[in-house]
Amino acid sequence: MITKLDSVLLPRKKFIFHYTNMRWARGRHETYLCFVVKRRVGPDSLTFDFGHLRNRSGCHVELLFLRYLEALCPGLWGCGGTGERRLSYSITWFCSWSPCANCSVRLSQFFSRTPNLRLRIFVSRLYFCDMENSRERDGLRMLKKAGVQTTVMSYKDYFYCWQTFVDRKKSNFKPWEDLHQNSVRLARKLNRIMQPCETEDFRDAFELLGL
DNA sequence: ATTTTCAAT
């Protein structure tokens, strides 16, 4: 069942300011995370939960989300008894920045140890990914290995977020200038980041050769 | 041409 409380909806201006995917995102000193949690309760029955979070002093929003996980996903680790069924959840989140290196490590560890929990990440902008050798780039590759797919948000994702998380007061989503071009540019960039790097190729080759 | 980044002042 879906219940929309006004208090869980993002103000329109906040959404637009923080999710605009411009190249030089000056002043975005906060990160927003809009999430949908789906829980499979039967062969053809799902429940939904959704909302948004913002980073708090000293705590990146991804780690804040992990803190709320137990409340969002009851029964994720079983209910304490023996032999009870672990529940399965899938989470989709839409973040204004992609995760930093540290958050990526933490998320990779967490999600590779929790196979009954799936995460898909959509991001509006790439955080500190300009340098070829940035740790943030490593982090995104690490997430992929842990089964967490990261995707750059496109028009349909912004549209979905607007419909789902924003206190839009029935107004339609008005895309900003260059939304599409920026999205395509960032998607290409992420694609390049996800290509296995050369040293990794060498490592695989060495492994094949038994070296 | 150059600009920014889960702040720090």
Side-chain angles (χ1 to χ4, degrees), chain A residues 7-37 50-72 91-111 117 119-144 146 148-155 157-158 161-162 164-167 175-194 197:
Chain A
S7 60
V8 308
L9 295 176
L10 258 169
R12 287 180 287 189
K13 279 187 174 173
K14 254 186 185 152
F15 176 78
I16 295 294
F17 181 72
H18 285 284
Y19 279 86
T20 300
N21 60 358
M22 71 220 318
R23 185 192 272 270
W24 312 113
R26 181 186 288 274
R28 272 66 173 183
H29 296 299
E30 290 177 329
T31 299
Y32 282 79
L33 189 161
C34 295
F35 63 86
V36 179
V37 178
F50 75 97
H52 73 268
L53 291 172
R54 196 198 78 193
N55 65 299
R56 296 291 164 187
S57 57
C59 185
H60 281 193
V61 72
E62 293 89 342
L63 302 185
L64 200 59
F65 185 90
L66 289 186
R67 286 195 203 165
Y68 285 103
L69 201 64
E70 201 155 8
L72 285 167
I91 296 165
T92 302
W93 80 37
F94 302 86
C95 228
S96 52
W97 286 114
S98 62
C100 78
N102 181 47
C103 287
S104 289
V105 171
R106 298 278 300 270
L107 290 171
S108 301
Q109 290 173 340
F110 187 87
F111 280 88
L117 183 63
L119 174 65
R120 275 193 307 169
I121 298 180
F122 288 84
V123 300
S124 188
R125 296 178 305 267
L126 297 172
Y127 185 71
F128 281 112
C129 282
D130 284 350
M131 304 294 283
E132 200 73 40
N133 59 351
S134 84
R135 294 186 55 233
E136 274 64 29
R137 288 186 174 219
D138 292 334
L140 294 173
R141 287 188 284 260
M142 194 182 301
L143 277 170
K144 189 181 179 185
V148 179
Q149 184 62 50
T150 306
T151 309
V152 168
M153 287 173 74
S154 65
Y155 177 88
D157 305 309
Y158 293 110
C161 283
W162 183 263
T164 309
F165 305 106
V166 177
D167 184 16
W176 48 87
E177 202 183 352
D178 295 335
L179 181 156
H180 180 66
Q181 292 92 314
N182 290 335
S183 174
V184 168
R185 176 178 54 80
L186 288 165
R188 285 202 188 114
K189 185 168 174 176
L190 180 61
N191 230 320
R192 282 196 301 273
I193 291 171
M194 289 310 190
C197 56

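It should be emphasised that the depicted structure is a prediction, and the values quoted were computed from it without experimental measurement. Just so you know, these numbers use all the heavy atoms, side chains as well, and skip hydrogens, waters and symmetry mates.
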With a non-hydrogen cut-off below 4.0 angstrom, is A:Arg56 in contact with a base, only sugar-phosphate, or nothing?
nothing

Is it true that A:Arg141 and A:Asp138 make a salt bridge, defined as a side-chain N closer than 4.0 Å to a carboxylate O?
yes

Quick check: are there more than 12 heavy atoms from other residues, nucleotides or ligands sitting under 6.0 Å from CD of A:Glu70?
no

Expressed as a whole number of Å, how far does the C1' atom of B:dT4 sit from that of B:dA8?
16 Å

With heavy atoms under 4.0 Å as the rule, sort A:Ser57 into base, sugar-phosphate or nothing.
nothing

DNA chain B: 5'-most and 3'-most nucleotides touching chain A, 4.0 angstrom heavy-atom criterion:
B:dT3 to B:dA7

Does the ring center of A:Tyr19 lie less than 6.0 Å from the ring center of A:Trp162?
no

Locate the shortest heavy-atom distance separating A:Leu53 from A:Phe65; write the atom from each residue and the value.
CD1-CA, 3.7 Å

For the pair A:His18 and A:Tyr32, name the ring-plane relationship: parallel under 30°, tilted 30 to 60°, perpendicular over 60°.
tilted

In whole Å, what separates the P atom of B:dT5 from that of B:dT9?
14 Å

Rounded to whole angstrom, note down the C1' distance from B:dC6 over to B:dT2.
25 Å

So for atom OH, which belongs to A:Tyr68, do other residues, nucleotides or ligands contribute more than 12 heavy atoms lying within a distance under 6.0 Å?
no

